[in-house]
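Remember, it's 1-based here, ligands and their atoms both numbered in the order they're listed. What you are looking at is a predicted structure, and each value in this text was computed from that prediction instead of being measured.
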Amino acid sequence: MIDAATQVFAVIGNPVSHSLSPVMFNRAFSETGYNGVYVAFQVTAIGDGMFAIRSLEIKGASITIPHKVSILDFLDELDPMAESIGAVNTVINHEGRLKGYNSDCLGAVKALEEITPLEGKRVAIIGAGGAARAIGFGVKSCGAGLTLINRSISNGEKLASALEADFIPISELGSLPFDILIQTTSVGMTPHIHQSPIPDTLLTPGLLVMDIVYTPLKTRLLKDAEKAGCRTISGMSMFIHQAAFQFELWTKNPAPLAVMKQSLMDTLNNPRKNHS
Ligand code: ATR
């Protein structure tokens, strides 16, 4: 029940109307008996959003596209990992002082390390955007070797140099001599569900393939990977683990992972809604 002591949390981005986070966090609050509510705010100017967080004493926020980098100018403190990545997707409000974290990085590492340790592994990431940057930083800090694979050479080389990683243009990809392949572009996302960024013939058994796209849950790449005998991790795993980190940071309670997963599955399987 919402009362005068209810703590407010929000996802802040633009657009946010299709966000899966409100349903998932509200189920998690109710399951654990935490007196909180989670809403979605479409915000154009992130500075105004942070002003509102302070003035309305909103306890915490998930930050999404397009604000993950521009928010840095409006925070009081940064977690060192978020500072190194240069992007924030989680904010906690400590009595008016706003501190930023990057749970995308931690969520991806957790999703991978649930299946296999990263230390010493040969990891390749497809993409060179913000998600590739956060995940690349995470896998490198766990002691993995990193190669970036990207469509545009200039973007790929730039991020590879920042992460001290190798780089291969996607057009020159002849084989995948890696232990783990992580797909971070929007290729394969609904409605383009038949697209994959790489030919299925490159996939070989032994490779662990993770896609961060979770609409659909099983992307074309993951289907191809399963057929080729690879182990796979869906985008839902990273999404849940990054949200679990936020839940624990905000409430200091362990996240109810099973309930969060079930609520996501329920929403994704509900054909009446169209999520992006
Ligand atoms: P985010 O910050 O969410 O990771 P982004 O910054 O828009 O997203 O990054 C998108 C990444 O997906 C880029 O690496 C982009 O490749 P380019 O650097 O060549 O632009 C990649 N990407 C997007 N659409 C793609 C497509 N159809 N095929 C291959 N790569 C694509």
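- A salt bridge does not link Asp200 to Lys223: none of the charged nitrogens lies less than 4.0 Å from a carboxylate oxygen.
- Classified by interplanar angle (parallel below 30°, tilted 30° to 60°, perpendicular above 60°), the ring pair Phe25/Phe247 is parallel.
- Using bins of under 30°, 30° to 60° and over 60° for the plane-to-plane angle, the ring pair Tyr34/Phe9 lands in the tilted bin.
- Under the 4.5 angstrom side-chain criterion for Ile, Leu, Val, Met, Phe, Trp and Tyr, the cluster partners of Leu75 are Ile2, Val8, Ile12, Val37, Val39, Phe41, Val43, Ile46, Met50, Ile53, Leu56, Ile58, Ile63, Ile71, Leu72, Phe74, Leu78, Val88, Val91, Leu98.
- A distance of 8.0 Å separates CE in Met81 from CG in Asn102, rounded to the nearest 0.5 Å.
- A salt bridge is defined here as a Lys NZ or Arg NE, NH1 or NH2 lying under 4.0 Å from an Asp or Glu carboxylate O, and Arg54 with Asp76 meets this definition.
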Between ligand 1 and the protein, tabulate every N or O atom pair separated by less than 3.5 Å, reporting distance only.
{"unit_1": "ligand 1", "atom_1": "2 (O)", "unit_2": "Gly130", "atom_2": "N", "d": "2.8"}
{"unit_1": "ligand 1", "atom_1": "4 (O)", "unit_2": "Gly130", "atom_2": "N", "d": "3.2"}
{"unit_1": "ligand 1", "atom_1": "4 (O)", "unit_2": "Ala131", "atom_2": "N", "d": "3.0"}
{"unit_1": "ligand 1", "atom_1": "14 (O)", "unit_2": "Ala128", "atom_2": "N", "d": "2.7"}
{"unit_1": "ligand 1", "atom_1": "14 (O)", "unit_2": "Asn150", "atom_2": "OD1", "d": "2.8"}
{"unit_1": "ligand 1", "atom_1": "16 (O)", "unit_2": "Asn150", "atom_2": "OD1", "d": "3.4"}
{"unit_1": "ligand 1", "atom_1": "18 (O)", "unit_2": "Asn150", "atom_2": "ND2", "d": "2.8"}
{"unit_1": "ligand 1", "atom_1": "18 (O)", "unit_2": "Asn155", "atom_2": "ND2", "d": "2.8"}
{"unit_1": "ligand 1", "atom_1": "19 (O)", "unit_2": "Arg151", "atom_2": "NE", "d": "3.0"}
{"unit_1": "ligand 1", "atom_1": "19 (O)", "unit_2": "Ser152", "atom_2": "N", "d": "2.8"}
{"unit_1": "ligand 1", "atom_1": "20 (O)", "unit_2": "Arg151", "atom_2": "NH2", "d": "2.9"}
{"unit_1": "ligand 1", "atom_1": "27 (N)", "unit_2": "Arg151", "atom_2": "NH1", "d": "3.4"}

